[in-house]
Amino acid sequence: MTILVTGAAGFIGMHVSKALLEKGEAVVGIDNLNDYYDVSLKKARLKELEPYGEFTFHKIDISDRDGLQQALENEEITSVVHLAAQAGVRYSITHPFSYAESNLTGFLTILEYCRNLEGLEHLVYASSSSVYGGNKELPYSVEQSVDRPVSLYAATKKSNELMAHCYSHLYRIPTTGLRFFTVYGPWGRPDMAYWLFSDAMQEGRPIKIFNNGDMRRDFTYIDDIVNGILKTLASVPVDGGADNPPYRVYNIGNHRSEPLMKLVSTLEDAWGVTAETELQPMQKGDVKETYADIEPMRRDVGYEPTTSLEQGIPQFVDWYRSYVKES
Ligand SMILES: NC(=O)c1ccc[n+]([C@@H]2O[C@H](COP(=O)([O-])OP(=O)(O)OC[C@H]3O[C@@H](n4cnc5c(N)ncnc54)[C@H](O)[C@@H]3O)[C@@H](O)[C@H]2O)c1
């Protein structure tokens, strides 16, 4: 079994690749190492994977379909975990076309690659909690309508689910979309609040608190996410025939909606500082609250997150200290 992991130099991609390699699977990683955030962090993540003999890496852009075919020509891929995307809500306001290239054209390229792959067992891909837009009913359930995205990023992720449905229907490709809810942890992303707040706390700068702190997030620790992805990969959706293609979408969150100020106080405890705060209005494209109903994923694949914010944040802070010291 050889698993293609796209976005392997990214936060979640590196952890998923490592977990698969630890289990003895062969992993082919691809990533274009774009400069949305510090490329040296992406290279450092790849260094974590290089020691594994069963790991192969190709620097390739998923929107380059000829390049992708060529790079993967001799690989015998049996499953795909598709995580490469232009991530980040706010950046999609200023850089819309990079979202079209990576998240729409790139996603189609992956679907087409899967369509032409003989014996593909399962395509698992990243969607996002942002598809819920301004939905008011909490917790967010996959039964809810998600036709009102409030950012282009969210619109591309919802589009991915529609495109996956189409390929599952037309070509009977087993697909599972996972709507991630605010993932954090070691080797995380420098554009996300827990990292930006940590930088500011270390440098004695005030932290920016949007919507005057009136926000809640379902923060999900990376190890829980990785367990969920691996369990999902092993649980292939069944083809129910005709109008029941092998297609599923799940929320993958922690099922605990925490106030933003709790993130701040947990970081303050972990860093041993008191943060100076600067209250700001709501940012365009942001949503006020997220909270995942994870029951379907719990029932179908046995997903069971166990890490609280109080347990996960110190893990991130310990890693950040050692990473910053070494780099
Ligand atoms: N981290 C979260 O909280 C979160 C929440 C919701 C959804 N997601 C989704 O999960 C997936 C992984 O997110 P992450 O947090 O690891 O982000 P990340 O930015 O760390 O990882 C994405 C990786 O994809 C690569 N990439 C982007 N465009 C590419 C392209 N055109 N060709 C090849 N590689 C490309 C990037 O270089 C990066 O290394 C993404 O699809 C993201 O949208 C993440």
Dump the intermediate steps for ring-ring contact (aromatic ring centres under 6.0 Å, His included) on Tyr184 and Tyr221, then the final yes or no. CA-CA 5 Å; Tyr184 73 99; Tyr221 189 61; 5.4 Å; yes
May I have the step-by-step check of ring-ring contact (aromatic ring centres under 6.0 Å, His included) for Tyr99 and His95, ending in yes or no? CA-CA 7 Å; Tyr99 286 72; His95 295 76; 8.1 Å; no
Could you check Glu268 against Ser265 for side chain to side chain donor-acceptor pair (under 3.5 Å), going step by step and ending with a plain yes or no? CA-CA 5 Å; Glu268 285 178 327; Ser265 61; 5.5 Å; no
Go through Trp319 and Trp195 one step at a time and tell me if the ring-ring contact (aromatic ring centres under 6.0 Å, His included) criterion holds. CA-CA 11 Å; Trp319 169 81; Trp195 187 305; 5.6 Å; yes
Test Tyr247 against His169 for ring-ring contact (aromatic ring centres under 6.0 Å, His included), laying out the working first. CA-CA 8 Å; Tyr247 166 89; His169 173 78; over 10 Å; no
Go through the steps to decide whether Arg217 and Thr290 satisfy the test side chain to side chain donor-acceptor pair (under 3.5 Å), and finish with yes or no. CA-CA 5 Å; Arg217 287 288 180 273; Thr290 67; 4.6 Å; no
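Closest heavy-atom contact between Ile252 and Gly228: CD1-CA, 3.9 Å. Nearest heavy atom pair, residue Leu104 against residue Ser159, reads CD2-CB, 3.7 Å. The two atoms that bring Met215 and Val287 nearest to each other are SD-O, 3.7 Å, heavy atoms only. Between Arg321 and Ala270, the shortest heavy-atom distance links the atoms NH2-O, 3.2 Å. Counting all heavy atoms, side chain and backbone alike, Ser92 lies closest to Leu152 at OG-N, 3.8 Å. For Ile313 against Thr266, the heavy-atom pair with the smallest separation is CB-CG2, 3.8 Å.
If you run side-chain contact (heavy atoms from CB on, under 4.5 Å) between Ile30 and each of Asp61, Val5, Ile62, only Ile62 comes through.
No side-chain heavy atom of Glu278 sits less than 4.5 Å from a side-chain heavy atom of Ile209. When side chains are defined from C-beta on, Gln86 does not count as touching Thr156, because their heavy atoms never get closer than 4.5 Å. For the pair Glu121 and Ser79, the minimum side-chain heavy-atom distance is below 4.5 Å. Within the 4.5 Å cutoff, no side-chain heavy atoms of Tyr132 are placed close to those of Arg148. A heavy-atom distance below 4.5 Å is not found between the side chains of Lys18 and Phe55. Taking the side chain as every heavy atom from C-beta outward, Thr2 and Val27 never approach each other to under 4.5 Å.
With no hydrogens or angles considered, no side-chain donor-acceptor pair links Glu161 and Tyr125 at under 3.5 Å. Looking at Ser168 and Thr175, their side chains do bring a donor and an acceptor atom within 3.5 Å of each other. With hydrogens and angles left out, the side-chain atoms of Asn135 and Tyr140 include no donor and acceptor closer than 3.5 Å.
Asn211 places no side-chain N or O within 3.5 Å of a backbone atom of Gly213 that could act as its donor or acceptor partner. For the pair Lys157 (side chain) and Ala126 (backbone), a donor-acceptor distance under 3.5 Å is present. Of the possible polar contacts, one joining the Thr6 side chain to the Leu83 backbone as a donor-acceptor pair under 3.5 Å is found. Of the possible polar contacts, none joining the Asn212 side chain to the Pro281 backbone as a donor-acceptor pair under 3.5 Å is found. Under a 3.5 Å cut-off, the side chain of Asn227 and the backbone N or O of Tyr303 do not form any donor-acceptor pair. Within the 3.5 Å criterion, the main-chain N or O of Ile60 finds no donor-acceptor partner in the side chain of Asp64. Here the side chain of Lys59 pairs no donor or acceptor atom with the backbone of Phe57 at under 3.5 angstrom. Between the side chain of Asn251 and the backbone N or O of Arg179, no donor-acceptor pair lies under 3.5 Å. Listed for the Lys231 side chain is no donor-acceptor partner under 3.5 Å among the backbone atoms of Val301. When atom types are taken as modelled, the side chain of Thr220 and the backbone of Phe181 share a donor-acceptor pair closer than 3.5 angstrom.
For the pair Arg189 and Phe11, the cation-pi test (distance below 6.0 Å, angle within 45°) is failed.
The residues Glu304 and Arg298 are annotated as salt-bridged, a charged nitrogen and a carboxylate oxygen being separated by less than 4.0 angstrom. Under a 4.0 Å N-O distance rule, the pair Glu112/Arg65 does not qualify as a salt bridge. The pair Glu54-Lys23 fails the salt-bridge criterion, with no side-chain N (NZ, NE, NH1 or NH2) lying under 4.0 Å from an Asp/Glu carboxylate O. Under the 4.0 Å criterion applied to side-chain N and carboxylate O atoms, Asp191 and Arg90 are not assigned as salt-bridge partners. Ion pairing between Asp218 and Arg256 fails under the 4.0 Å rule for side-chain N and carboxylate O.
Residue pairs meeting the ring pair (Phe, Tyr, Trp, His ring centres under 6.0 Å) criterion with at least one partner in residues 267-292, sequence neighbours excluded, are His255-Tyr291, Trp271-Tyr320.
The distance from the CD1 atom of Ile229 to the CD1 atom of Ile12 is 6.0 Å, given to the nearest 0.5 Å. Taking CD of Glu25 as the start and CD1 of Ile3 as the end, the distance is 4.5 Å to the nearest 0.5 Å. From Ser235, atom OG reaches atom CG of Leu230 across 12.0 Å, with rounding to the nearest 0.5 Å. Here Leu49 contributes atom CG and Leu20 contributes atom CG; the two are 10.5 Å apart, rounded to the nearest 0.5 Å.
Environment of CD in Glu143: sparse, with no more than 12 heavy atoms of neighbouring residues, nucleotides or ligands closer than 6.0 Å. For Glu118, the CD atom counts as loosely surrounded, since its 6.0 Å shell holds 12 or fewer non-hydrogen atoms of other residues, nucleotides or ligands. Shown here is Gln280, whose CD atom has more than 12 heavy atoms of other residues, nucleotides or ligands within 6.0 Å.
In the hydrophobic clustering of this structure, Met163 groups with Leu123; members are Ile, Leu, Val, Met, Phe, Trp, Tyr whose side-chain heavy atoms approach within less than 4.5 Å, directly or through other members.
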